[in-house]
Amino acid sequence: MTQANDPATPASDFIRDRIRADLQSGKVKQVVTRFPPEPNGYLHIGHAKAITVGFSIAQEFGGRCNLRMDDTNPAAEDQEYVDAIKEDVRWLGFQWDAMYYAADYFGQLYAWAEQLVEKGLAYVDDQDADAIAASRGTLTAPGANSPCRDRSPADNLRLLREMKAGRFRDGEKVLRAKIDMAHANLNMRDPVMYRIRHMHHQRAGAAWCIYPMYDWAHGQSDSIEGITHSLCTLEFEHHRPLYDWFCDALGIYKPQQIEFARLNIEHMLTSKRKLLQLVEGGVVQGWDDPRMPTLRGLRRRGVPPEALVAFCKHVGVAKFNSTHEIGLFDFHVRDWLNKHAQRRMAVLDPVKLVIDNWPAGHVEWVEAANNPEDPAAGVRKLPFRGELWIERDDFMENPPKDFFRLGPGREVRLRCGWFVTCTSVDKDAAGNVTAIHCTYDPATKGGNAPDGRKVKGTIHWVAAADAVEADVRVYEHLFTSPDPASADGGDFLKLVNPNSVRTVRAKLEPSLRDAQGGERFQFERIGYFYCDHKDSRPGAPVFHRTVGLKDSWQKAQAKATPKGGAPAGKKG
RNA sequence: UACCCCGUGGUGUAAUCGGUAGCACAGCAGGUUUUGGUCCUGUUGGUUCCUGGUUCGAGUCCAGGCGGGGUAACCA
């Protein structure tokens with residue numbers, strides 16, 4: 001899809017083609033779409049695609065897009081989700097033209113139901129759920145008519161009114177459309193329109209004890225709102241004939257339903273049921289755990305909404321059931337963050353670097369650009385001293401020739417500081433390096449040698465005496481398998497990555513002490529990090545790794561040691 | 001043993017009224033670089049699922065296969 005990268009080229013796909021045709025033929029004057037979530041859970045990355053499709057299509061064609069709660073089932077829904085959904089849609093950067101609730105149409109829906117009853121197109125069925133299921137037939141066998149199917153319109157009307165009046169218990173009766181029990185499409189085998197639920201509705205209150213089913217509510221809701229193109233996912237394809245049937249039977253305006261494939265991404269799950277299992281099973285900390293594909297999780301991970309939307313636009317819309325490489329998602333996250341995140345220095349796996357010829361107790365303030373991609377981001381000053389923290393894997397005692405970092409006798413540049421040459425190392429009894437000694441060249445302040453000599457490597461550092469300590473949570477894929485949904489025996493929990501989060505106590509440059517929840521940074525040479533808006537406290541920030549920087553050194557190492565061996569360039 | 005939908009390089013996706021395959025990511029190679037990041041340049045990958053047919057010409061139309069997905073909640 002080129003449209004995401006080239007705004008001059010309008011997006012092209014089967015839905016937009018259809019809309020253009022409808023606009024040209026005059027069938028449609030102004031495009032109206034909608035995003036119709038059921039408030040029974042939190043939105044996830046799959047919804048982000050649906051939201052992006054609905055809103056951006058409306059935008060592109062100068063139309064409108066509504067947000068509508070598909071709240072027809074009081075047993076599953078909750079006001080908390082209504083609020084969360086609104087917040088998440090706004091977070092993504094979209095603003096709906098109108099906010100609607102299917103529950104507000106209950107009155108109209110009921111009036112229409114009486115119409116169908118009067119026309120002989122709907123009847124009250126006394127059978128219970130099991131009997132109805134049993135008589136529906138199977139995929140290959142036709143269903144059987146209900147004994148109540150030929151009830152007179154007058155009796156049906158009386159019964160329906162009694163249902164509404166609360167004369168019956170839950171499940172005792174149901175209103176069904178009278179269509180065709182032998183239809184090849186099971187949805188057309190006299191679908192249930194109303195069920196009895198003596199239950200409080202989070203919006204309608206106690207006004208109703210009969211609640212409409214999805215099929216009996218959705219198309220008419222679209223119709224009422226004047227939706228021109230009712231976009232939804234593929235699993236609703238078999239519902240379109242029913243959607244059309246109800247609108248036609250009622251003689252009301254009929255929107256055009258168009259289905260597209262839902263979003264699948266490697267290493268991610270987007271089934272509400274499975275996500276719930278992860279939360280309830282304590283596999284993750286909650287719906288907003290940074291490892292979750294929920295919008296709230298991605299947000300806490302530090303994913304910028306702009307990147308999420310760019311990804312969704314790039315992915316496009318089609319009917320083919322596809323799975324995207326997670327690398328494409330990462331690309332969009334890095335792409336936005338590279339341009340917008342300020343740079344900072346942080347050491348995740350620290351080892352002491354001692355500059356033996358540095359004047360005792362001396363501090364020098366060096367200048368660092370906040371973002372080389374954005375000069376307007378300005379500069380900041382960093383304290384430099386004779387004792388620094390550097391990354392443990394930026395040093396090797398016996399480095400290969402293509403290792404550009406520190407090693408005995410080797411010279412590197414300390415970012416924005418001086419050139420230093422390693423002279424010796426201290427080790428503990430077990431042979432672990434406890435400190436690295438070096439000398440610096442005073443003539444190389446700022447990072448350039450007047451004699452023109454070059455160094456191959458530049459490493460980051462934090463002055464030991466000024467370092468701020470903070471928890472940094474390093475995340476990896478929640479599932480080891482790229483396709484957790486098709487786990488053996490359906491047990492996707494076995495595929496949970498035991499190393500999906502690792503907390504390290506890192507040494508950060510002083511300015512990070514005042515990082516505010518919600519801020520994003522690039523820790524130079526490591527990755528992009530988000531200052532958690534939930535667990536951070538004043539003076540005690542907590543950071544989440546959003547995504548690592550591309551690391552061609554590590555990649556080359558991984559290739560050199562296919563399995564087993566620890567890659568020399570492994571970073572936090 | 002039904003019905004519906006789908007099938008283009010590794011992954012996605014594009015190709016006006018049928019005119020001979022583009023883009024992004026990934027990969028590879030090189031250049032730039034005080035982030036082994038970014039950026040720039042070049043480049044490897046496709047008999048457009050198969051077989052027939054229509055046509056001067058088919059990824060696009062037709063037929064038949066093959067493969068994948070979906071559907072049997074008083075859920076949405």
Side-chain angles (χ1 to χ4, degrees), chain A residues 1-6 9 11-13 36-38 40 70-73 75-77 125 127-130 132-133 136-143 170-176 183-187 189 191-197 210-211 213-215 217-218 232 234-241 259 261 266 272 314-332 334-335 338-339 343 345 368-369 372-373 402-405 413-417 419 446-448 455-460 522-527 548-556 569:
Chain A
M1 312 277 329
T2 57
Q3 68 271 24
N5 306 61
D6 181 6
T9 310
S12 180
D13 54 62
E38 182 189 15
N40 70 342
D70 217 350
D71 52 357
T72 58
N73 182 6
E77 298 148 10
D125 197 341
Q127 298 183 106
D128 63 20
D130 290 341
I132 289 178
R136 188 171 359 253
T138 67
L139 292 175
T140 54
D170 285 5
E172 202 175 331
K173 294 206 181 326
V174 80
L175 183 73
R176 300 177 73 178
H183 201 109
N185 181 341
L186 292 276
N187 291 130
R189 319 242 264 223
V192 171
M193 295 164 62
Y194 276 108
R195 74 284 219 183
I196 299 171
R197 288 281 176 283
I210 57 172
Y211 290 98
M213 298 290 291
Y214 165 84
D215 289 303
H218 202 90
C232 61
L234 253 27
E235 62 269 31
F236 290 100
E237 258 171 340
H238 320 65
H239 291 256
R240 179 155 32 93
E259 312 85 13
E266 290 179 343
K272 270 183 192 173
H314 185 114
V315 151
V317 43
K319 301 195 79 159
F320 179 64
N321 234 308
S322 58
T323 299
H324 290 80
E325 291 178 334
I326 192 133
L328 184 66
F329 177 72
D330 292 341
F331 165 79
H332 284 282
R334 288 196 192 101
D335 192 46
N338 176 51
K339 297 183 185 92
R343 316 287 127 120
M345 289 214 267
E373 304 295 316
D402 58 346
F403 183 77
F404 301 152
R405 284 107 94 151
R413 172 167 38 232
L414 291 171
R415 174 120 241 236
C416 305
F419 284 10
N448 287 303
V455 288
K456 294 290 287 263
T458 299
I459 65 175
H460 60 279
Q522 181 197 100
F523 289 175
E524 292 210 35
R525 303 210 306 131
I526 301 176
L549 245 31
K550 287 215 299 193
D551 188 343
S552 57
W553 165 248
Q554 183 180 338
K555 194 166 75 180

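Chain naming here is simple, since letters A, B, ... match the order of the sequence lines and numbering starts at 1 in each.
Across all strands shown, A:N338 has heavy atoms under 4.0 Å from base atoms, whether or not it also approaches the sugar-phosphate. If you check every strand for non-hydrogen atoms under 4.0 Å, A:I132 touches a base. Here A:R413 lies in heavy-atom contact (under 4.0 Å) with a base. Contact annotation for A:E373: base contact, defined as any heavy-atom pair under 4.0 Å involving a base atom. Residue A:N448 is in base contact, counting any heavy-atom pair closer than 4.0 Å across all strands shown. The residue A:K555 sits close only to the backbone: its heavy atoms come under 4.0 Å of sugar-phosphate atoms, none of a base. At the heavy-atom level, A:F236 lies under 4.0 Å from base atoms of the strands shown. Among the protein residues, A:Q522 comes within range of the nucleic acid bases, having at least one heavy atom under 4.0 Å from a base atom. Within the nucleic acid shown, A:P372 comes within 4.0 Å of at least one base atom, counting heavy atoms only. Among the protein residues, A:A129 comes within range of the nucleic acid bases, having at least one heavy atom under 4.0 Å from a base atom. Heavy atoms of A:L139 sit under 4.0 angstrom from at least one base atom. Using a 4.0 Å heavy-atom distance criterion, A:N187 is classed as making no nucleic acid contact.
Side-chain contact of A:H238 with A:N187: a donor-acceptor pair under 3.5 Å is absent, judged by distance alone.
Of the P atoms belonging to B:G18 and B:A24, the separation is 28 Å, rounded to the nearest Å. B:G52 and B:A72 are spaced 37 Å apart, taking the C1' atom of each and rounding to whole Å. With both ends at atom C1', the span from B:A14 to B:A21 equals 10 Å, rounded to whole Å. B:G10 and B:G70 are spaced 26 Å apart, taking the C1' atom of each and rounding to whole Å. Atom name P, nucleotides B:C4 and B:G46: the rounded distance is 36 Å, in whole Å.
Contact annotation: A:K550 reaches the phosphate of B:A26 (side-chain N/O to OP1 or OP2, under 4.0 Å). Residue A:R240 places no side-chain N or O under 4.0 Å from the OP1 or OP2 atom of B:C3. Under 4.0 angstrom from either OP1 or OP2 of B:C75 there lies at least one side-chain N or O belonging to A:R195. The side chain of A:T72 contributes no N or O atom lying less than 4.0 Å from OP1 or OP2 of B:C75. Residue A:S322 places at least one side-chain N or O under 4.0 Å from the OP1 or OP2 atom of B:U13.
Inter-residue side-chain proximity for A:L175 and A:V192 is flagged as unmet; no heavy-atom pair is nearer than 4.5 Å.
Between B:G69, B:U35, B:U38, one nucleotide has an atom nearer to the side chain of A:R343 than all others, and that is B:U35. For A:V174, taking side-chain heavy atoms from C-beta onward, the closest of the listed nucleotides B:C74, B:A76, B:U13 is B:C74.
B:A63 is paired with B:U51 under the Watson-Crick or G-U wobble criterion, all donor-acceptor distances under 3.5 Å. The partner of B:A24 is B:U11, by the rule that a Watson-Crick or G-U pair needs both atom distances under 3.5 Å. With both pairing distances under 3.5 Å, B:A2 is matched to B:U71 as a Watson-Crick or G-U wobble pair. Base pairing analysis places B:G30 opposite B:C40; the two distances defining the Watson-Crick or G-U wobble pair are each below 3.5 Å.
A salt bridge links A:D335 and A:K339; the closest N-O separation between the charged side-chain nitrogens and carboxylate oxygens is under 4.0 Å.
Each of A:D128 and A:E237 was assigned the nucleotide of RNA chain B with the nearest heavy atom; the assignment lying further toward the 5' end belongs to A:E237. Of the two residues near RNA chain B, A:E172 and A:L414, the one whose nearest nucleotide lies more 5' is A:L414.
For the pair A:F404 and B:G36, the ring geometry qualifies as stacking, because the centroid separation is below 5.5 Å while the planes lie within an angle under 30°. Stacking annotation: A:W553 is stacked on the base of B:G36 (ring centroids less than 5.5 angstrom apart, interplanar angle below 30 degrees).
For A:E266 against B:U11, no side-chain N or O and base N or O form a donor-acceptor pair under 3.5 Å. Interface remark: the A:H238 side chain does form a donor-acceptor pair with the B:G70 base, using a distance-only criterion of under 3.5 Å. With hydrogens and angles ignored, no donor-acceptor pair under 3.5 angstrom links the side chain of A:E524 to the base of B:G37. Checked by distance alone, A:R334 brings no side-chain donor or acceptor within 3.5 Å of a matching partner on the base of B:U38. Residue A:R525 places no side-chain atom within donor-acceptor reach of the base of B:G36, judged by atom type and a 3.5 Å distance cut-off alone. Scanning atom types as modelled, one donor and one acceptor separated by under 3.5 angstrom connect the side chain of A:H239 and the base of B:A76.
A glycosidic torsion no more than 90° from 0 defines the syn conformation; B:G67 lies beyond that range and is anti.
Summarising the geometry, the separation between NE2 on A:H324 and P on B:C23 is reported as 18 Å, rounded to the nearest angstrom. The CG-P distance, from A:L549 to B:G36, rounds to 9 Å in whole Å. Atoms CZ (A:F320) and P (B:C49) sit 11 Å apart, rounded to a whole Å.
Using cut-offs of 30° and 60° for the angle between ring planes, the A:F236 and A:Y214 rings count as tilted.
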